[in-house]
Q: 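Mind looking over this structure? Questions follow.
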Amino acid sequence: MPLLPQRWRLLLVLLLVIGLPIATGLIWLLLTALFDRVHGLIPQGDFGSENWRFLWQGSVSGRPSIWVALLNSVMFAGAVAVIEVLVSAMAAYAISRMRFPLRSMYLRFALMLHAFPAISLIIAIFYILRILGLFDTLIGVILVKASLELPLGIWLMKGFFDHLSWEMEMAALVDGASRWTLFWRIALPLVRPGILALGTFALLSAWGEFILPFTLIVSGKSWTLALYLQSFMGESFIDFGLMAGVGLFYVLPVVLFFLLGQRYLLNIYSGGAKG
Amino acid sequence: MTGVTVRLEGLVKHFGRVQALKGIDLTLTPGELVAFLGPSGCGKTTTLLLIAGIYKATAGQIFFDDRRIDHLHPRDRDIGMVFQSYALYPHLTMFENIAFPLRLQRVPKAEVKRKVEQTAELLGISEQLLRRPALVSGGQQQRAALARALVKEPRVLLLDEPLSNLDALIRLSARAEIRRLQKELGITSILVTHDQSEALAMADRVAVFSVGEVEQFATPEELYKAPATTFVAGFVGFPPMNLFEGRFNGAFEAKGLKIPLSPGHPGGKGYLGIRPEDIRFDGEIAARVLLVEVLGKDSLLTLEAAGHILKAMSLEGMQVAIGDELLLNFPVEKLHLFDAEGKRIQRQAS
Amino acid sequence: MRRYAAPLLFLLPATILIVLFFLIPVVTTVFLSLTDISTVTFKNPSWVGLQNYRDLLVDPFIPKIFYNTGRYVGLTLLFNVGMGLVLALLTSLIPERHGDNFRTLWLVPRIMPPVVYVFVWQGLLARAPFGIISDLTGINQGWINSSPWTTIILANGFVGASFGMLIFTSAIRAIPRDLFYAAAVDGASTWQTVRRVVLPLLRWPILFVTVYQTLSLLTSFEYILLLTDGGPGLFKTTVWSLHAYKLALSNYFGNIEFGLGAAMATFLVVIGVIVSLVYMRVFNFRELVSEPKIEVN
Ligand SMILES: Nc1ncnc2c1ncn2[C@@H]1O[C@H](COP(=O)(O)OP(=O)(O)OP(=O)(O)O)[C@@H](O)[C@H]1O
Ligand SMILES: [Mg+2]
């Protein structure tokens with residue numbers, strides 16, 4: 001707003017105060033993970049490695065190795081992002097740039113799904129994965145996760161394709177391209193900002209995903225980091241230090257994605273990606 | 001010669017309720033450069049895109065030589081096209097832009113390099129090949145677009161206002177260059193423009209479009225000397241021809257004006273036209289000077305005669321000032337007569 | 001048909017996935033709700049018509065769960081929209097650079113993996129020495145257990161507020177500057193400008209955020225599941241969607257009552273479909289569907 005109230009510093013302080021819990025939480029996580037013992041936010045013990053034993057102990061009380069979970073998380077997030085971006089981009093390209101019957105219906109339908117709360121379908125999805133034989137497989141959860149975010153992806157990518165120049169596409173056709181070639185060699189490279197935005201969003205969203213793997217995966221060998229960390233939660237004795245270590249380990253890539261993709265992300269979150 | 005005959009038969013194109021083309025019939029001879037001239041929105045680009053295969057005709061047919069091509073995909077028509085915005089691919093270098101059509105044909109690498117460099121050389125953009133389009137000048141972009149259209153040696157070249165985004169000086173040299181290349185390569189070409197001087201200067205023949213129709217298809221000279229309709233008469237030539245609406249009645253009568261004609265004209269309503277440069281100042285039609293625009297050697301006069309506003313060119317050495325009274329002469333052999341529909345009435349043998 | 005081969009090809013993957021994981025599930029949810037499918041009868045369920053719905057009607061815990069749901073959605077919504085508005089206004093009133101930083105800070109809870117996020121809450125609310133609240137208040141207790149509702153609403157709220165914040169911020173940015181200058185010339189104070197110029201213009205965004213978040217709060221249960229798992233005690237913080245989930249998918253009382261869970265989920269699905277239909281209606285659709293300028297595929 002182009003009005004800077006005279007006492008804006010007061011507002012700044014107010015913002016600091018209401019934002020304090022978030023900052024505190026982050027600091028707490030960091031300190032608890034790094035020191036052997038903390039009291040509140042005050043480190044008591046030494047700079048500790050005990051909290052990080054999950055990294056070299058093959059297995060913490062019967063759990064699969066963290067490295068297996070890490071690999072699964074990387075595969076899960078990576079595959080979801082690739083599938084989500086490609087499938088959305090293809091559909092969005094057709095909707096934005098091609099003529100076919102029921103085009104506008106398809107568009108309406110995608111918009112409707114965008115508002116639809118997909119998580120309410122989880123019971124049926126469980127059942128369907130069982131029937132398809134994809135229950136308790138990483139590939140099954142990957143497909144579900146990517147699919148549930150398709151409406152968002154299609155909408156986002158359509159917005160980007162809408163801005164491509166028609167003359168440029170016409171030129172490519174006259175130059176001898178098919179629509180398929182045109183898509184891969186001209187259109188897709190030119191909506192790079194969209195791909196990065198959706199890709200970053202999908203990576204972050206899949207990296208953090210909990211309910212889907214929790215519901216659709218049982219065996220330890222397919223655990224993702226979310227399941228790994230959550231498995232400590234129900235225990236009668238909670239080892240906060242260890243969990244903080246795992247949590248920090250799990251969060252670090254998020255920080256990286258976020259810093260890299262931040263400027264692409266704001267659009268998506270304000271487009272209503274997650275309640 | 002690579003040129004083909006291009007024949008358009010009864011091309012009709014509707015966009016929903018908009019009738020963009022009402023029926024176009026044209027035949028281009030091999031190697032010819034034809035200009036499509038007309039005001040904005042009259043369907044020039046639409047016609048080009050139908051030939052290119054981007055649009056599908058509502059009715060009508062398109063032939064290259066004697067082969068019907070309107071059912072073919074654009075890539076199978078063997079056309080080169082330059083768009084008004086140039087439509088270069090911004091993420092590719094100039095080299096890759098020009099090479100794109102060849103890459104799609106899976107031409108061997110060495111061959112691509114040779115052809116691209118040769119074409120770039122021809123158009124004088126060899127130095128810019130490694131840059132992205134956004135980093136070179138408008139003129140160079142325009143050449144790259146032309147190079148991309150020419151590199152695959154198309155049978156037909158379509159140019160949609162290729163010069164309209166260039167500044168005036170470059171535009172003049174680009175005109176000459178396109179003309180030279182086109183003649184050298186002998187490709188049947190269509191140039192869309194709404195700049196009549198461009199059309200008249202470059203084209204072998206000009207098709208003048210009014211809304212969705214071709215009004216006249218003729219050489220520039222013919223367009224000027226014998227415009228087929230009042231639309232063409234008013235559109236071609238600068239300053240435009242003076243047109244009066246009235247009746248033929250032995251002479252031509254229009255509200256307060258009576259202009260003598262050579263005998264033998266039919267009666268009825270119609271139009272009479274005379275070019276400003278054909279008006280002489282030794283007659284009986286009284287007119288008053290409203291405005292004098294100096295155009296260099298001579299001046300353009302805006303006159304008022306019996307309530308009609310008309311334009312005339314001053315003669316060399318003539319001194320005219322605003323408010324002067326002149327006596328105009330419309331020489332009979334310079335008059336253009338049109339019937340009530342605006343169609344030219346062929347002058348009887350004189 | 002060949003004419004449409006290309007768009008068909010482009011749409012095929014998305015269509016398959018959408019049919020598989022949206023359309024079929026909607027039908028399946030309704031279908032399952034009409035059977036007695038459970039752990040025992042998973043392989044060959046039988047048709048029971050509306051029996052599951054009748055069971056729900058007489059279930060003594062349903063009123064409690066219904067009340068919980070209303071409370072959860074209502075209070076969280078209030079926090080989300082209110083805080084979203086406060087944040088959007090405050091961050092817009094201070095210099096751009098600071099505003100951006102605070103908005104980024106508020107995105108952190110949204111971007112954190114939910115499990116880590118919840119773990120941090122658990123830590124902060126734990127007994128000393130880890131729990132800060134225990135330290136600060138001097139009352140050493142497990143705060144999640146003693147105030148489960150407050151925890152749930154705050155934890156959800158800190159994630160949800162950023163949604164409203166971003167939408168309202170862009171709405172505020174879209175307000176023509178002239179309006180602010182005009183207000184300033186008229187001698188309006190900042191507060192008056194906010195009340196008389198900004199808030200009225202935020203009516204539609206507020207409505208949008210409210211509707212959108214109502215729907216997602218109704219159906220989401222992730223944070224509750226992780227924080228309290230519906231407890232402590234019997235159904236203390238169990239909401240509709242969580243109950244449906246647990247009936248169908250988690251070993252609560254041994255036997256998984258898939259059909260009953262599906263019956264509960266059907267309500268959510270139906271609400272979802274209705275709201276999406278309305279959303280689609282209200283949305284300004286015209287400008288989104290201009291005809292493609294290329295007529296060949
Ligand atoms: N894709 C389209 N959809 C709908 N109407 C169109 C489309 N393309 C052209 N038109 C309409 O058809 C008519 C002819 O347009 P066209 O672009 O061919 O004109 P033009 O002669 O090239 O004009 P300009 O000199 O402005 O380029 C116009 O009324 C235009 O609005
Ligand atoms: Mg045009």
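Chain letters run A, B, ... following the sequence lines, proteins first, then strands; residues in each count from 1. This one's a predicted model, so the numbers in the text were calculated from it and none came from an experiment.
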Q: Side chain, backbone, both or neither: which part of C:Val30 has a non-hydrogen atom closer than 4.5 Å to chain A?
A: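 When you check distances to chain A, no heavy atom of C:Val30 falls under 4.5 Å.
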Q: If you tally heavy-atom pairs under 4.5 Å against chain A, which of C:Phe10, C:Phe102, C:Phe158 wins?
A: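 Sorted descending by pairs with chain A, the first entry is C:Phe10.
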Q: When heavy-atom pairs shorter than 4.5 Å are enumerated against chain C, which of A:Ile128, A:Leu29, A:Ile125, A:Ile83 gives the highest number?
A: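 Greatest number of close heavy-atom pairs with chain C: A:Ile128.
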Q: Not counting sequence neighbours, which residues clear side-chain contact (heavy atoms from CB on, under 4.5 Å) with A:Arg9? List them please.
A: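 In terms of side-chain contact (heavy atoms from CB on, under 4.5 Å), with neighbours along the sequence ignored, A:Arg9 is linked to no residue.
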Q: Got a second to check how far C:Ile111's CD1 is from A:Trp207's CH2, nearest 0.5 Å?
A: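 Rounded to the nearest 0.5 Å, the CD1-CH2 separation comes out at 15.0 Å.
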Q: When you look at A:Phe100 and C:Tyr4, which way does the ring pair (Phe, Tyr, Trp, His ring centres under 6.0 Å) test go after all the steps?
A: CA-CA 6 Å; A:Phe100 54 90; C:Tyr4 298 115; 7.5 Å; no
Q: For C:Thr15, enumerate each residue passing the side-chain hydrogen bond (donor to acceptor under 3.5 Å, both in side chains) test, keeping only those at least two apart in sequence or located in another chain.
A: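 Scan of C:Thr15 (side-chain hydrogen bond (donor to acceptor under 3.5 Å, both in side chains), adjacent residues dropped) gives A:Tyr106.
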Q: Could you grab the distance from atom CG of A:Leu113 to atom CG of C:Leu23, nearest 0.5 Å is fine?
A: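 Separation between the atoms: 7.0 Å.
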Q: Name the atoms and distances for all side-chain donor-acceptor pairs under 3.5 Å in residues 115-125 of chain C, with sequence neighbours left out.
A:
{"unit_1": "C:Tyr117", "atom_1": "OH", "unit_2": "C:Trp121", "atom_2": "NE1", "d": "3.2"}
{"unit_1": "C:Tyr117", "atom_1": "OH", "unit_2": "C:Ala155", "atom_2": "O", "d": "2.6"}

Q: Give, as side chain, backbone, both or neither, the part of C:Thr214 having an atom under 4.5 angstrom from any heavy atom of chain A.
A: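 Neither; nothing under 4.5 Å.
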Q: Select one option (side chain, backbone, both, neither) describing which atoms of A:Arg97 are under 4.5 Å from chain C's heavy atoms.
A: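 Just the backbone, heavy atoms under 4.5 Å.
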Q: Is any residue of residues 248-256 of chain A within less than 4.5 Å of chain C by heavy atoms, and which ones?
A: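 Residues of residues 248-256 of chain A touching chain C at under 4.5 Å: A:Tyr250, A:Val251, A:Val254.
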Q: For the interface with chain A, which of C:Gly261, C:Ala262, C:Pro25, C:Pro13 has the highest count of heavy-atom pairs at distances below 4.5 Å?
A: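 Among C:Gly261, C:Ala262, C:Pro25, C:Pro13, the one with the most close pairs to chain A is C:Pro25.
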Q: Does any backbone or side-chain atom of C:Met83 lie under 4.5 Å from a heavy atom of chain A? Answer side chain, backbone, both or neither.
A: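 For C:Met83, the contact with chain A is made by the side chain alone.
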